[in-house]
Amino acid sequence: MKFRKRILFFSVVVLSASAVREVDVTFSVQPDNRNHTISPLIYGTNHNMYMTGNENLGFYRIGGNRLSGYNWENNWSNAGRDWRHFSDGYMIPEGADGSIPAITYTSFIENNIQSGAGSLLTLQMAGYVSADGNGAVTDAETAPSARWVPVYPRKNKPFALTPDLNDNAVYLDELVNFMVDRYGRAADGGVLGYSLGNEPTLWPETHPRIHSDQPLAQELIDRSVALASAVKDVDSSSKIFGPALFGFLAYFDFKIAPDWPDYADQYAWFIDFYLDKMREASDVAGTRLLDVVDLHWYSEAFGDQRIIVSGATSRNDQIARLQAPRTFWDPDYHEDSWIGEYFSSYLPLIPRIQNDIDANYPGTKLAFTEYSFGGGSHITGGLAQADVLGIFGKFNVYASAAWLFESDSSYIAAAYQLYRNYDGANSSFGDFSVTANMSDKENSSIYASVNAGTDELHLVVINKNLDESLRGNFVIDSETNYQSGTAYALTQDSLSIQNMGTFQVSDNNFSYSLPPLSAYHLVLTDGL
């Protein structure tokens with residue numbers, strides 16, 4: 001079935017119309033309304049190789065298809081359909097000794113420790129991991145076979161720091177014990193969290209040599225409960241992320257799981273089912289078995305083509321990309337996609353899922369550990385990324401990690417710097433999200449925070465108009481009398497964040513102009 005609808009909404013037409021004047025937008029900010037702390041884990045990625053090293057990221061995830069068959073005991077992994085079902089040492093860091101247990105994970109963690117970022121490790125839940133690095137696995141060698149080792153949640157015997165390579169078994173609680181022995185518990189600065197597998201609905205497509213059958217909804221619950229309880233028994237302070245669903249069809253009915261009709265009358269979609277069943281299992285276990293509901297989101301929005309594909313940089317693609325993050329939060333936005341056409345009642349996404357959490361498993365946090373809006377080497381990709389980071393902070397998302405398709409993701413990197421290293425000294429957007437609104441959400445976005453240590457007011461403002469400058473009229477309702485500010489800019493003219501100098505604030509009001517396709521970080525203080 002092919003879902004696609006090509007409509008240019010009226011709002012988009014207005015946005016791209018020829019300019020005759022500046023776009024006037026009123027921004028209202030209430031710094032005294034401290035809504036919640038902003039999690040530093042929203043500033044994360046899956047790939048540091050495509051970053052510059054100057055992003056001051058707060059979170060890294062090691063995940064993706066390669067991790068589904070990764071064997072921590074010998075460091076072999078399998079590419080699945082991504083590359084000829086190859087088992088090899090691809091995941092072993094360059095120059096590392098692959099015979100050292102978990103060297104793939106420990107190298108990853110130790111890089112993160114140096115920068116103070118949290119680490120999320122993907123655990124193997126499909127049933128088997130690579131036994132060797134001997135290349136392509138044939139259909140005749142589908143598990144169970146000598147090319148695979150069974151992987152189990154629990155060892156049920158004493159742990160060893162040097163795992164047995166000859167017992168035809170890999171134990172994941174033994175891996176967690178290995179991590180605790182090396183780095184301490186999560187509460188003491190060790191591994192932050194563990195992900196229950198990777199994109200389970202796609203196992204038959206990405207890893208048919210491991211799990212060739214379409215997984216059942218109840219099967220996922222059974223596997224998740226067994227693994228989560230084993231992890232918590234070793235490190236109760238670690239965060240369990242799950243189920244790492246690949247996209248909307250997995251959210252909806254677990255990609256038409258064979259047993260979904262047994263539950264469809266009771267649950268509006270699979271997310272409700274998953275939350276409710278994990279809550280029930282947690283009640284039985286006497287401990288929380290799901291801390292973070294973990295989703296992936298690759299925008300389906302269309303301009304002239306899907307905005308995440310390489311080369312999606314036509315004018316219509318740019319307009320669509322700049323508007324697409326509104327799917328996360330804005331009930332007035334209807335994206336041009338099959339999701340927008342057929343499943344609009346499930347949008348906007350973040351409020352819907354947070355309501356589902358409140359109804360089915362209160363206290364569960366929300367993460368997007370893979371996502372993309374494309375355009376990594378284009379200014380609109382950078383502005384969309386800046387918009388998403390602001391949305392995640394404003395709407396209390398717990399963690400996120402962008403998936404970078406392009407080796408040139410320079411504008412994505414610049415968007416992170418705008419929030420986390422705008423001055424070259426690792427100065428950051430504030431700690432507390434505060435109320436901020438705009439009169440024009442098609443042409444602009446605004447995100448506001450205050451820094452608990454300095455009481456600085458931080459505003460990230462985005463001009464999404466391709467042609468016209470934006471004149472922002474800022475009204476600040478606060479007991480604090482802000483008197484001056486400094487502006488830092490991300491524009492299409494430079495990949496580095498530019499210090500644009502200071503400006504004055506009078507009676508908590510000021511105006512500021514942003515050129516087309518730009519994002520500014522304004523830092524306001526109560527001193528001159």
Side-chain angles (χ1 to χ4, degrees), residues 46 59-78 80 91 101-109 112 118-130 143 148-156 159 163 169-183 185-186 190-203 206-207 210-211 215 219-246 274 278 281 287-296 367 369-370 399 401:
N46 286 270
F59 179 65
Y60 288 104
R61 167 186 179 259
I62 185 167
N65 291 339
R66 269 282 181 171
L67 271 296
S68 292
Y70 169 69
N71 183 338
W72 75 273
E73 295 186 355
N74 58 26
N75 294 296
W76 302 125
S77 64
N78 185 270
M91 293 300 299
I103 191 68
T104 296
Y105 283 156
T106 57
S107 297
F108 166 78
I109 293 164
N112 301 343
S119 298
L120 179 66
L121 304 187
T122 297
L123 299 181
Q124 293 66 45
M125 206 168 69
Y128 295 89
V129 293
S130 297
W148 304 100
V149 179
V151 61
Y152 301 103
R154 290 183 183 275
K155 188 174 185 182
N156 293 318
F159 296 132
V170 170
Y171 301 107
L172 295 176
D173 59 348
E174 189 165 63
L175 167 64
V176 176
N177 178 72
F178 182 95
M179 295 300 167
V180 170
D181 179 82
R182 189 177 184 111
Y183 304 110
R185 300 167 67 250
V191 175
L192 168 76
Y194 298 91
S195 177
L196 303 177
N198 178 71
E199 300 188 337
T201 51
L202 297 183
W203 288 340
T206 58
H207 285 288
I210 298 177
H211 194 296
E219 175 190 358
L220 180 72
I221 298 300
D222 293 343
R223 289 176 182 262
S224 298
V225 169
L227 182 51
S229 60
V231 172
K232 289 286 190 176
D233 282 351
V234 179
D235 184 359
S236 61
S237 67
S238 65
K239 302 296 185 188
I240 299 295
F241 286 60
L245 297 176
F246 81 92
Y274 182 80
M278 292 301 288
T287 190
R288 177 175 274 276
L289 298 179
L290 179 72
D291 297 287
V292 187
V293 63
D294 176 9
L295 306 174
H296 297 170
T369 62
E370 291 184 23

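Partners of H207 by ring-ring contact (aromatic ring centres under 6.0 Å, His included), not counting sequence neighbours: none found. For R288, the side chain to side chain contact (heavy atoms under 4.5 Å, CB included) criterion is met by D291, Y361, T364, not counting sequence neighbours. The ring-ring contact (aromatic ring centres under 6.0 Å, His included) test applied to Y105 returns Y70, not counting sequence neighbours. Contacts of S238 classified as side chain to side chain contact (heavy atoms under 4.5 Å, CB included), with partners at least two apart in sequence or in another chain: A186, Y194, V231, D235. Taking E370 as the reference, R61, Y298 meet the side-chain hydrogen bond (donor to acceptor under 3.5 Å, both in side chains) condition, with sequence neighbours excluded. Applying the ring-ring contact (aromatic ring centres under 6.0 Å, His included) criterion to W72, with sequence neighbours excluded, gives F178. Checked against salt bridge (Lys or Arg N to Asp or Glu O under 4.0 Å), D233 has the following partners two or more places apart in sequence or in another chain: R154. In terms of the side-chain hydrogen bond (donor to acceptor under 3.5 Å, both in side chains) criterion, Y171 has no residue partners (sequence neighbours excluded). Under the side-chain hydrogen bond (donor to acceptor under 3.5 Å, both in side chains) criterion, Y152 pairs with no residue, sequence neighbours left out. Legend: residues meeting side chain to side chain contact (heavy atoms under 4.5 Å, CB included) with N74, ordered by chain and number and at least two apart, are N71, W76. By the side-chain hydrogen bond (donor to acceptor under 3.5 Å, both in side chains) test, R66 pairs with S77, D88, sequence neighbours left out. Shown here are the side chain to side chain contact (heavy atoms under 4.5 Å, CB included) partners of A281, two or more places apart in sequence or in another chain: V225, L289.
Once rounded to the nearest 0.5 Å, the distance linking OG1 of T206 with CG of N65 reads 4.5 Å. Distance check, rounded to the nearest 0.5 Å: CG of L172 to CG of N177 gives 12.5 Å. If you take CG on L227 and CG on L196, they are separated by 5.0 Å, rounding to the nearest 0.5 Å. The distance from the CG atom of L67 to the CG atom of L123 is 9.0 Å, given to the nearest 0.5 Å. L202 CG to F246 CZ: the interatomic distance, rounded to the nearest 0.5 Å, is 5.0 Å. Put simply, OH on Y183 and CG on L192 are 14.5 Å apart, with the number rounded to the nearest 0.5 Å.
One N or O on the side chain of Q124 and one on the backbone of T122 form a donor-acceptor pair closer than 3.5 Å. Of the possible donor and acceptor atoms, none in the side chain of S107 sits under 3.5 Å from a partner among the backbone N and O of T104. At distances below 3.5 Å, not a single donor-acceptor pair connects side-chain atoms of N75 with backbone N or O atoms of M91. In this structure a side-chain-to-backbone donor-acceptor pair under 3.5 Å is present from N46 to A401. Remark: the backbone N or O of K155 is paired with a side-chain donor or acceptor of D173 at under 3.5 angstrom.
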Working note: F159 + V234, criterion side chain to side chain contact (heavy atoms under 4.5 Å, CB included); need CA distance, chi angles, decisive distance, verdict. CA-CA 11 Å; F159 296 132; V234 179; 4.0 Å; yes
Stepwise, does the side chain to side chain contact (heavy atoms under 4.5 Å, CB included) test hold for M179 with L121? CA-CA 10 Å; M179 295 300 167; L121 304 187; 4.1 Å; yes
Does the pair I210 and W148 meet the rule for a side chain to side chain contact (heavy atoms under 4.5 Å, CB included), with working shown? CA-CA 8 Å; I210 298 177; W148 304 100; 3.5 Å; yes
Run the side chain to side chain contact (heavy atoms under 4.5 Å, CB included) check on D294 and S195 step by step: do they pass? CA-CA 8 Å; D294 176 9; S195 177; 3.7 Å; yes
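When all heavy atoms of V149 and A169 are compared, the pair lying nearest together is CG1-N, 3.4 Å. Of all non-hydrogen atoms in P200 and A244, the two that sit nearest each other are CD-O, 3.7 Å. Scanning all heavy atoms of the two residues, the minimum distance from R223 to M125 falls at NH1-O, 2.9 Å. Annotation for A102 and L175: closest pair CB-CD1, 4.3 Å, computed over non-hydrogen atoms.
Taking 4.5 Å as the limit, some side-chain heavy atom of P243 sits within range of a side-chain heavy atom of V293.
For the 3.5 Å distance criterion, the side chains of N78 and S130 fail to qualify, holding no donor opposite an acceptor.
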